Amino acid sequence: VAPAASGNPFAGKEFYANPYYSSEVYSRAIPSLPASLKPAASAVANVGSFVWLDTMAKIPTMDTYLAEIKAKNAAGAKLMGTFVVYDLPERDCAALASNGELKIDEGGEDNYKTQYIDKIAAIIKKYPEVKINLAIEPDSLANMVTNMGVAKCSRAAPYYRDLTAYALKTLNFNNVDMYLDGGHAGWLGWDANIGPAAKLFAEVYKAADSPRAVRGIVTNVSNYNAFRIATCPSITQGSKNCDEERFINAFAPLLQAEGFPAHFIVDTGRTGKQPTGQQAWGDWCNVQGAGFGTRPTMDTDNALVDAFVWVKPGGESDGTSDQSSVRYDGFCGKESAFKPAPEAGTWFQAYFEMLLKNASPALA
Ligand SMILES: O=[N+]([O-])c1ccc(O[C@@H]2O[C@H](CO)[C@@H](O[C@@H]3O[C@H](CO)[C@@H](O[C@@H]4O[C@H](CO)[C@@H](O)[C@H](O)[C@H]4O)[C@H](O)[C@H]3O)[C@H](O)[C@H]2O)cc1
Ligand SMILES: [Mg+2]
């Protein structure tokens with residue numbers, strides 16, 4: 001599968017409404033929804049979102065989904081696979097809510113290579129004719145830019161860099177395009193952060209020998225910023241890059257200058273309502289007042305942006321509000337956070353209902 005003529009990895013492709021998320025909606029959500037919200041919920045179940053490979057145990061599902069996509073495409077569909085690679089050792093190093101299974105002190109480096117990335121590569125090799133777009137390791141490099149003062153992050157830094165370069169080299173197939181996670185406007189868009197971020201991302205890109213399959217950067221994963229907003233919300237504290245488009249337009253030339261000709265995709269899964277209930281721009285956990293946002297599309301009105309996509313599946317928690325949990329993070333206890341909330345990644349019905357009510361454009 002050669003890259004599309006335009007170079008846009010999404011050109012001519014349809015998004016795949018993966019069975020994992022649609023079954024959450026049909027079996028977990030719809031039965032207990034008021035009748036008035038059921039049509040909107042089934043509309044959401046049909047939206048293609050990214051499948052999170054957040055444990056080694058989830059990797060076989062990638063094979064299942066790619067086999068289904070291959071079969072549907074043989075019958076005339078034009079589906080692509082979209083997955084999140086998300087299992088670095090010491091994952092989510094500046095927070096607690098999404099800490100992962102791999103630890104540096106428990107063979108995490110080797111396991112990430114041989115039990116995670118290599119296994120993903122083996123599955124991709126079985127489907128050379130299926131287009132696969134990957135979001136690579138949410139939050140990790142962004143934490144390398146702003147959180148080297150956090151012991152867990154500074155210790156993990158060399159592992160994050162080496163293992164990310166390993167992933168980019170190992171997954172560099174003709175039918176694959178990859179987007180490194182670039183945080184969001186409220187994280188790396190600040191003047192203090194955007195320069196160091198461009199240097200770091202280009203360094204990792206070049207450490208991997210500038211793989212053809214590395215198309216660029218995905219922004220706003222699991223976050224809430226507008227792609228394009230006329231008036232900067234007050235919580236953006238005067239940052240000139242107050243939305244994702246301004247961030248991308250500022251970030252791209254800096255990356256290019258460092259030798260990384262990046263294009264972008266933006267997570268619009270939870271951006272439908274502006275402003276949200278954030279009390280501070282750094283609030284990230286189950287933020288009150290969010291709504292499903294722009295449906296996945298290539299129609300972005302910005303040549304740097306290949307597509308708007310739904311990466312974080314709306315309705316899955318960002319983190320537990322249970323203070324006795326080992327993964328309890330204080331951000332999930334803040335006033336801006338919807339409570340009570342279950343563990344990260346598990347179904348959060350009340351939040352899903354809120355996203356439906358606040359969706360824009362309207363869902364059904
Ligand atoms: O006035 N000024 O000039 C000025 C200048 C600089 C300022 O400092 C900046 O302030 C920003 C906040 O405004 C900080 O951004 C936050 O950083 C957090 C990590 O530390 C991120 O949290 C992650 O969020 C992910 C989902 O997005 C979760 O999946 C993940 O678990 C979770 O850990 C927040 O999103 C992100 O908003 C910057 O670091 C900080 O450098 C502030 C003001
Ligand atoms: Mg998270």
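Nothing here was measured: the structure is a model prediction, and the numbers come from that model. Note that these values count all heavy atoms, side chains included, but never hydrogens, waters or copies made by symmetry. The residues of the chain are indexed from 1 along the displayed sequence. One-based numbering, in listed order, for ligands and for the atoms of each.
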Discussion item. With nothing but distance in play, are any N or O atoms of Asp139 less than 3.5 Å from an N or O of ligand 1?
Written reply: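 Looking only at distances, the answer is yes, because the N/O contact criterion of under 3.5 Å is met.
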Worksheet item: N/O of Gln237 under 3.5 Å from N/O of ligand 1, yes or no?
Response: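 There is no such contact.
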Item to complete: Would you tell me whether Tyr179 and Asp306 have side-chain atoms, one donor and one acceptor, within less than 3.5 Å of each other?
Response: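 Result is yes, a qualifying pair exists.
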Item to complete: May I ask you to check whether Thr164 and Glu137 show a side-chain donor-acceptor distance below 3.5 Å?
Response: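 Absent: no donor and acceptor within the cut-off.
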Ligand 1 atoms in contact with [X] (distance to a heavy atom under 4.0 Å):
{"X": "Trp281", "value": "13 (O), 37 (O)"}
{"X": "Gly282", "value": "12 (C), 13 (O), 34 (C), 37 (O)"}
{"X": "Asn147", "value": "19 (C), 20 (O)"}
{"X": "Ala95", "value": "31 (O), 33 (O)"}
{"X": "Gly186", "value": "11 (C), 12 (C), 13 (O), 14 (C), 15 (O), 37 (O)"}
{"X": "Asn223", "value": "26 (C), 27 (O), 35 (O)"}

Fill in: Residues in salt bridge (charged side-chain N to carboxylate O under 4.0 Å, His left out) contact with Asp162, at least two apart in sequence or another chain
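Asp162: no salt bridge (charged side-chain N to carboxylate O under 4.0 Å, His left out) contacts found.
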For residues 38-45, please give each side-chain donor-acceptor pair under 3.5 Å, one per line with the distance, not counting sequence neighbours.
unit_1	atom_1	unit_2	atom_2	d
Lys38	NZ	Ile30	O	3.0
Ser42	OG	Lys38	O	3.3
Ser42	OG	Pro39	O	3.0

Worksheet item: Under a 4.0 Å heavy-atom limit, does Trp187 contact ligand 1 with its side chain, its backbone, both, or neither?
Response: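 It is both backbone and side chain that touch ligand 1.
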Fill in: ligand 1 versus Asp329: contacting region, heavy-atom distance under 4.0 Å
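Within the 4.0 Å criterion, Asp329 makes no contact with ligand 1.
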Discussion item. Using a 6.0 Å distance limit plus a 45 degree cone around the ring axis, check whether Lys72 lies over the aromatic ring of Tyr16.
Written reply: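 Verdict for Tyr16: no cation-pi partner in Lys72.
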Practice prompt. Name the orientation class of the two ring planes belonging to Phe348 and Phe338 (parallel below 30°, tilted from 30 to 60°, perpendicular beyond 60°).
Written response: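 Ring orientation, 0 to 90° scale: perpendicular.
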Discussion item. Exactly one of Asn241, Asn220, Asn223 should register a side chain to side chain donor-acceptor pair (under 3.5 Å) with His184. Which one does?
Written reply: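 Running side chain to side chain donor-acceptor pair (under 3.5 Å) over Asn241, Asn220, Asn223 with His184 returns exactly one hit, Asn223.
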Worksheet item: Between atom NZ of Lys103 and atom NZ of Lys152, what is the distance when rounded to the nearest 0.5 Å?
Response: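 Rounded to the nearest 0.5 Å, the NZ-NZ separation comes to 5.5 Å.
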Discussion item. Considering Arg91, Gln278, His184 one by one, which has a heavy atom nearer to atom 34 (C) of ligand 1 than any of the others?
Written reply: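 Heavy atom nearest to atom 34 (C) of ligand 1 belongs to His184.
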